[in-house]
Amino acid sequence: MERLNKGDFVLKRKTTTRSTRAKKKKKPTPYTSDDVILASLSVLPDDLLVMIVAHVPILYYRTLSLVSKSFRSMVVSTELYKVRSVLGLTESCLYVCLRFGMGSYKWYTLSSKSKSSGGYVLASVPMPGDDSPRVAGLGFGYSDLVAVGSDIYNIGQADKTTPTSSVSILDCKSHMWRKAPSMPVELESLSATVLDRNIFVLGRRYHQYGSWKSLLQVFNTNTQTWDIPWCVLDQASHIFNINGNLHAVNIFGWVFAFNSKQGKWDQLVEIDPIVGEIKYSESYCEIDNVLYSVSKEGALRWYDTDKTRWRDLKGLVGLPKLPGRFAGYGSYVKLTAYGGGKMLVFWSRKSCILLSHMETIYCAEIALKKGKGHCWGKLEWYDGVLSVLAGTELVKIFSVTL
């Protein structure tokens, strides 16, 4: 065996080390399953790719839009929603309108976070050209929003602080606004609800003799026409559709049902002889023919039609205390129906950081159950979904069918 000197040994060791390093550099990075799937999708024809994406729940479209520019364009294209319609793939999507300051409005949708982190987030909705009508009256009683199918109607679009009879429609598939026939009469303190694709608009109009008169106007979304307005209950502030019938609530929390045969409003709730506490709520929602609201203390409640009174919603283990009506500017609680027998609750809370000008908007999903004269709520989850400037108002939240 030939003896190696020190130089030969060192030289051969260096050669071996360089070779090992070279092999390490050339070692390819292993692909994840997601990389393989995306690479496979990218070579598919556009028509087939649209068919595949159409079967993905809209809740995950935000995540898809982060993959590439092509996916970002696809999830907002009208072609995708045409395919979904042909395939009969419709689902409820949550839209949220926020007011920043006194007149800046932005739209958001509830979307899924990334697959790794999980949870939900409010994602901003881009408005092409930002040619939307100014919704300056939202939250001030000059206008209201309702959803019919995939359209959002802005009833009584306000110009600064002056009520108007204008109506506009937001197509949630293209996120483009278009005009609709104006209301026959300009109204203030608006409240709107939908019944059989008809929009019922309740509001007040100043009478020539120095008094206020409440009027109800009905818009047929199929024919795009308004009926002749007629007078209704003067003290009503909100109207709702419960079990296919119109109901109204006044500032004292008294509930009225419209008697279509006699053409009048019947009072359902018993009037407390000690009237003094105003039970007015900023938010109502109807789920499975039960009316829910938020008390001024921030408690969730439901209207018992048998007992004709408001009752607290039981259960709710793990749900944080909701802010009351007078917790400060921007402290609002909003409710909306979501899915089968579930309610989403939104509220805002200021940051715990000293001198911070930010606050967090939270969302909670509550499963509802009624039985034995009680209503129960089970908390499914709650989490912060958006960080905003303090004072931002939750104007309106509702489900849209896409």
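For reference, positions follow the sequence shown, starting with 1. Keep in mind it's a predicted model, so treat the numbers as computed, not measured.
- Counting heavy atoms from C-beta on, the side chains of Leu216 and Ile239 come closer than 4.5 Å.
- Shortest non-hydrogen contact noted between Val167 and Ser182 is CG2-CA, 4.3 Å.
- Residues passing the side-chain hydrogen bond (donor to acceptor under 3.5 Å, both in side chains) test with Arg197 are Asn222, sequence neighbours excluded.
- With sequence neighbours left out, the side-chain hydrogen bond (donor to acceptor under 3.5 Å, both in side chains) criterion links Glu79 to no other residue.
- When side chains are defined from C-beta on, Tyr303 does not count as touching Val249, because their heavy atoms never get closer than 4.5 Å.
- The CZ atom of Arg178 sits 4.0 Å away from atom CD1 of Ile169, with the distance rounded to the nearest 0.5 Å.
- Note: Thr90 OG1 to Leu402 CG = 9.0 Å, rounded to the nearest 0.5 Å.
- Within the structure, the salt bridge (charged side-chain N to carboxylate O under 4.0 Å, His left out) test picks out the following pairs touching residues 87-98 (sequence neighbours left out): Arg84-Glu91.
- Within the 4.5 Å cutoff, the side chain of Val201 has heavy atoms near those of the Met183 side chain.
- With a 4.5 Å cut-off on side-chain heavy atoms, Leu344 and Leu110 count as touching.
- Lys342 and Glu365 are joined by a salt bridge, as a carboxylate oxygen and a charged side-chain nitrogen come within less than 4.0 angstrom of each other.
- Nearest heavy-atom pair, Ser68 versus Phe71, reported as atom, atom and distance to 0.1 Å: OG-CD1, 3.2 Å.
- The shortest non-hydrogen separation linking Ser112 to Thr63 is O-OG1, 3.5 Å.
- Between Leu368 and Cys375, every side-chain heavy-atom pair lies at or beyond the 4.5 Å cut-off.
- Rounding to the nearest 0.5 Å gives a distance of 11.5 Å between OH of Tyr61 and OG of Ser111.
- Taking the side-chain hydrogen bond (donor to acceptor under 3.5 Å, both in side chains) definition, one finds that Ser85 meets it with nothing, sequence neighbours left out.
- Taking each heavy atom of Ser168 and Trp177 in turn, the nearest pair found is OG-CZ3, 3.4 Å.
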### Message
What verdict does the salt bridge (charged side-chain N to carboxylate O under 4.0 Å, His left out) test give for Asp304 and Arg311, after you've listed the backbone C-alpha separation in whole Å, the side-chain angles of each residue and the deciding distance to 0.1 Å?
### Response
CA-CA 7 Å; Asp304 189 338; Arg311 305 180 64 179; 2.9 Å; yes
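- The shortest side-chain heavy-atom distance between Leu145 and Ile155 does not fall under the 4.5 Å cut-off.
- The line from CG of Leu94 to OG1 of Thr109 is 8.5 Å long, rounded to the nearest 0.5 Å.
- Expressed to the nearest 0.5 Å, how far OH of Tyr292 lies from CG of Leu300 amounts to 10.0 Å.
- A salt bridge links Asp144 to Lys396: one of the charged nitrogens lies within less than 4.0 Å of a carboxylate oxygen.
- Side chains of Leu98 and Val395 form no contact here, defined as non-hydrogen atoms less than 4.5 Å apart.
- Looking at residues two or more places apart in sequence or on another chain, you find a ring pair (Phe, Tyr, Trp, His ring centres under 6.0 Å) between Phe240 and Tyr284.
- For Lys173, there are no salt bridge (Lys or Arg N to Asp or Glu O under 4.0 Å) partners two or more places apart in sequence or in a different chain.
- For the pair Ser150 (side chain) and Val400 (backbone), a donor-acceptor distance under 3.5 Å is absent.
- Under the side chain to side chain contact (heavy atoms under 4.5 Å, CB included) criterion, His55 pairs with Leu87, Leu89, sequence neighbours left out.
- By the 6.0 Å and 45° rule, Lys106 stacks over the aromatic ring of Phe100.
- The two residues Leu379 and Ala364 have their closest heavy-atom pair at CD1-CB, 3.9 Å.
- Residues satisfying the ring pair (Phe, Tyr, Trp, His ring centres under 6.0 Å) test with Tyr362, not counting sequence neighbours, are Trp347.
- Not counting sequence neighbours, Ser124 has no partner by the side-chain hydrogen bond (donor to acceptor under 3.5 Å, both in side chains) test.
- In terms of heavy atoms, Thr392 sits closest to Leu389 at OG1-O, 2.7 Å.
- At a cut-off of 3.5 Å, with distance as the only test, a side-chain donor of Ser293 or Arg301 sits close to an acceptor on the other residue.
- For the atom pair OG of Ser65 and CE of Met74, the computed distance is 12.0 Å after rounding to the nearest 0.5 Å.
- Residues satisfying the side chain to side chain contact (heavy atoms under 4.5 Å, CB included) criterion with Asn241, sequence neighbours excluded, are Thr193, Leu195.
- Considering only heavy atoms from C-beta on, Lys113 comes within 4.5 Å of Asp383 through its side chain.
- Considering only residues two or more places apart in sequence or on other chains, Trp376 meets the ring pair (Phe, Tyr, Trp, His ring centres under 6.0 Å) condition with none of them.
- A search for ring pair (Phe, Tyr, Trp, His ring centres under 6.0 Å) contacts involving Trp226 returns Phe219, not counting sequence neighbours.
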